[in-house]
Asker: 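Here you go, one structure.
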Amino acid sequence: MAAPHAVSRLRAERLARSSKPFLARGGMKGERCPGCRINPAHCICSLRPQLPVQAGVCLIMADIEALKPSNTGWLIADVVPDTSAFGWARTEVDPALLALLADPQWQPYVVFPGEFVTPGRVVNTLPAPTEMPAGKRPLFVLLDATWPEARKMFRKSPYLDRFPVLSLQPEQISRYRLRRSRREDHFCTSEVGALCLELAGETRAAQALEAWLDVYTHHYLQAKHQLPPHLDTPAHLALQALS
């Protein structure tokens with residue numbers, strides 16, 4: 001099994017602070033694989049894609065988000081090696097988060113809808129890799145939370161105010177099926193990550209993350225309904241080709 005990634009470590013830290021076990025609502029019951037959070041009989045760890053990715057992702061996660069088995073920030077950390085994850089709090093900021101944002105190798109972009117941001121901060125595209133300032137790599141800062149939580153986090157995180165805001169303008173409808181949103185144009189964190197990778201020119205990584213979400217969703221739902229997984233779905237085949 002691969003070493004625990006940033007979201008896995010954040011989950012372990014959050015569980016260690018909990019006074020009682022976290023019980024996911026409406027999810028599958030019983031044992032879960034620590035590597036993919038799915039019933040061991042439906043484990044997908046051996047299918048995890050491995051490919052080079054130049055961009056980085058910084059997940060700032062609401063309090064219990066890392067504990068949810070349906071959280072898809074975890075899937076980003078599976079695919080993007082340079083993924084960091086931090087818990088959000090209104091009254092304090094993790095010094096390691098501030099250090100990451102100040103690291104000269106990165107150009108942070110806060111990913112958030114432009115309609116809620118001062119127009120001067122909003123960008124809809126990224127420079128080509130050869131045109132990034134001083135050889136920097138893009139670091140996508142994603143607020144991993146419900147929409148009401150994300151809006152509060154954005155407003156109450158002044159340390160993000162100095163960075164450009166990347167406003168995505170996707171045309172497709174969300175395919176995420178493990179949690180429901182009232183709006184079809186609300187995307188899960190993994191889908192947002194894939195759109196960011198595509199903008200950064202990381203087409204193979206974006207496609208791998210899309211396929212990884214579909215594979216995860218299939219195995220999760222099959223396990224929940226006590227049905228065997230199918231290993232020859234289009235997503236499985238795409239993942240094999242990309243890996």
Side-chain angles (χ1 to χ4, degrees), residues 53-62 65 71-73 75-77 79-80 82-90 93-94 97-176 179 181-203 205-207 209-210 213:
V53 185
Q54 287 297 307
V57 175
C58 172
L59 296 166
I60 303 179
M61 308 183 79
E65 197 62 42
N71 171 268
T72 65
L75 304 181
I76 295 176
V79 174
V80 180
D82 284 321
T83 297
S84 302
F86 304 92
W88 184 85
R90 183 177 59 83
V93 187
D94 190 328
L97 170 57
L98 298 179
L100 174 67
L101 296 174
D103 189 325
Q105 73 172 302
W106 297 114
Q107 172 56 62
Y109 292 92
V110 183
V111 183
F112 203 74
E115 62 191 285
F116 300 99
V117 185
T118 303
R121 288 183 66 193
V122 176
V123 298
N124 300 117
T125 61
L126 298 181
T130 56
E131 298 174 353
M132 287 292 290
K136 291 177 180 284
R137 294 189 284 159
L139 177 71
F140 300 109
V141 181
L142 307 185
L143 305 180
D144 194 358
T146 65
W147 175 235
E149 289 173 329
R151 291 186 66 178
K152 179 176 72 173
M153 292 162 65
F154 184 82
R155 293 196 313 268
K156 297 183 179 295
S157 301
Y159 51 90
L160 299 177
D161 289 349
R162 69 183 187 275
F163 301 118
V165 172
L166 177 61
S167 180
L168 301 174
Q169 298 177 317
E171 297 178 354
Q172 69 267 46
I173 293 175
S174 175
R175 297 176 298 165
Y176 184 52
R179 290 190 235 164
S181 173
R182 294 180 181 179
R183 291 176 52 176
E184 290 184 327
D185 59 347
H186 280 183
F187 287 74
C188 73
T189 304
S190 177
E191 290 175 310
V192 171
L195 292 167
C196 290
L197 291 173
E198 183 68 38
L199 280 176
E202 305 265 11
T203 301
Q207 293 172 345
L209 185 52
E210 289 177 345
L213 171 63

Asker: Could you tell me which residues satisfy side-chain contact (heavy atoms from CB on, under 4.5 Å) with Ala77, sequence neighbours excluded, listed by chain and number?
Answerer: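 By the side-chain contact (heavy atoms from CB on, under 4.5 Å) rule, Ala77 matches His5, Val7, Thr83.
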
Asker: The test is side chain to side chain contact (heavy atoms under 4.5 Å, CB included); show your working for Leu199 and Tyr109 and say whether it passes.
Answerer: CA-CA 12 Å; Leu199 280 176; Tyr109 292 92; over 6 Å; no

Asker: I need the Met153 CE to Met61 CE distance, nearest 0.5 Å.
Answerer: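 Going from CE on Met153 over to CE on Met61, the span is 9.0 Å.
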
Asker: Determine all donor-acceptor pairs shorter than 3.5 Å in which one atom belongs to a side chain in residues 158-165; sequence neighbours excluded.
Answerer:
unit_1, atom_1, unit_2, atom_2, d
Arg162, NH1, Tyr159, O, 3.2

Asker: Not counting sequence neighbours, which residues clear side-chain hydrogen bond (donor to acceptor under 3.5 Å, both in side chains) with Gln105? List them please.
Answerer: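 In terms of side-chain hydrogen bond (donor to acceptor under 3.5 Å, both in side chains), with neighbours along the sequence ignored, Gln105 is linked to Asp103, Arg137.
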
Asker: Holding to side-chain hydrogen bond (donor to acceptor under 3.5 Å, both in side chains), I want the full list of residues that pass it with Glu149, two or more places apart in sequence or in another chain.
Answerer: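 Glu149: side-chain hydrogen bond (donor to acceptor under 3.5 Å, both in side chains) contacts with Thr146.
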
Asker: Between the main-chain N or O of Ala55 and the side-chain N or O of Glu202, is there a donor-acceptor pair closer than 3.5 Å?
Answerer: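 Here the side-chain-to-backbone pair exists.
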
Asker: Which atoms form the tightest heavy-atom contact between Ser167 and Val122, and what is the distance?
Answerer: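 The answer is CB-CG1, 3.7 Å.
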
Asker: Set out, in order, the CA-CA distance, both residues' side-chain angles and the distance that settles side chain to side chain contact (heavy atoms under 4.5 Å, CB included) for Leu197 and Val80, then state yes or no.
Answerer: CA-CA 10 Å; Leu197 291 173; Val80 180; 4.0 Å; yes

Asker: Determine, step by step, whether Leu100 and Cys58 satisfy the side chain to side chain contact (heavy atoms under 4.5 Å, CB included) criterion, reporting the C-alpha distance in whole Å, the side-chain angles of both residues, the deciding distance to 0.1 Å, and the verdict.
Answerer: CA-CA 9 Å; Leu100 174 67; Cys58 172; 3.9 Å; yes

Asker: Could you work out, with side-chain hydrogen bond (donor to acceptor under 3.5 Å, both in side chains) as the rule, every residue matching Thr189, not counting sequence neighbours?
Answerer: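 Expected list: Asp144.
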
Asker: What distance do Phe86 atom CZ and Asp94 atom CG have between them, rounded to the nearest 0.5 Å?
Answerer: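 Reported value, rounded in 0.5 Å steps: 5.5 Å.
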
Asker: When rounded to the nearest 0.5 angstrom, what is the spacing between CG in Leu139 and CD in Gln107?
Answerer: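 Those atoms lie 9.0 Å apart.
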
Asker: Does the separation of the ring centres of Trp147 and Phe112 fall below 6.0 angstrom?
Answerer: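 When the ring centroids of Trp147 and Phe112 are compared, they turn out to be within the sub-6.0 Å range.
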
Asker: Distance from Leu75 atom CG to Glu191 atom CD, nearest 0.5 Å?
Answerer: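 Result: 10.5 Å between the selected atoms.
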
Asker: Can you name the nearest heavy-atom pair linking Leu213 to Cys188, along with the distance?
Answerer: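 Leu213 and Cys188 have their closest heavy atoms at CD2-SG, 3.9 Å.
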
Asker: I'd like to check Cys196 versus Val111 (side-chain heavy atoms, cut-off strictly below 4.5 Å). Are they in contact?
Answerer: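 Contact flag for Cys196/Val111 side chains = yes.
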
Asker: Please round to the nearest 0.5 Å and tell me the distance separating atom CD1 of Ile76 and atom CZ of Phe140.
Answerer: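 With rounding to 0.5 Å, CD1 (Ile76) is 10.5 Å from CZ (Phe140).
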
Asker: How far apart are the closest heavy atoms of Val53 and Ala205, and which atoms are they?
Answerer: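 Taking Val53 first and Ala205 second, the nearest heavy atoms are CG2-CB, 3.8 Å.
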
Asker: If you take all heavy atoms of Ala206 and Ala194, which pair is closest and at what distance?
Answerer: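 It is CB-O, 3.4 Å.
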
Asker: Quick one: side-chain contact (heavy atoms from CB on, under 4.5 Å) partners of Ala128, sequence neighbours excluded?
Answerer: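 Once residues adjacent in sequence are excluded, the partners of Ala128 under the side-chain contact (heavy atoms from CB on, under 4.5 Å) criterion are Thr130, Glu131.
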
Asker: So do the side chains of Trp106 and Asp82 get within less than 4.5 Å of each other, counting heavy atoms only?
Answerer: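 Of all side-chain heavy-atom pairs linking Asp82 with Trp106, at least one is under 4.5 Å.
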
Asker: So for atom NZ, which belongs to Lys136, do other residues, nucleotides or ligands contribute more than 12 heavy atoms lying within a distance under 6.0 Å?
Answerer: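 More than 12 heavy atoms, drawn from other residues, nucleotides or ligands, come within 6.0 Å of this atom.
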
Asker: Evaluate the side chain to side chain contact (heavy atoms under 4.5 Å, CB included) criterion for residues Ile60 and Val141: first the C-alpha distance (whole Å), next the side-chain angles of each, then the deciding distance (0.1 Å), finally the verdict.
Answerer: CA-CA 7 Å; Ile60 303 179; Val141 181; 3.7 Å; yes

Asker: Are any non-hydrogen side-chain atoms of Lys156 and Trp88 less than 4.5 angstrom apart?
Answerer: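 Yes, close enough: below the 4.5 Å cut-off.
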
Asker: How long is the gap from CG on Leu166 to CG on Asn124, to the nearest 0.5 Å?
Answerer: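 Between Leu166 CG and Asn124 CG, I get 7.5 Å after rounding to 0.5 Å.
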
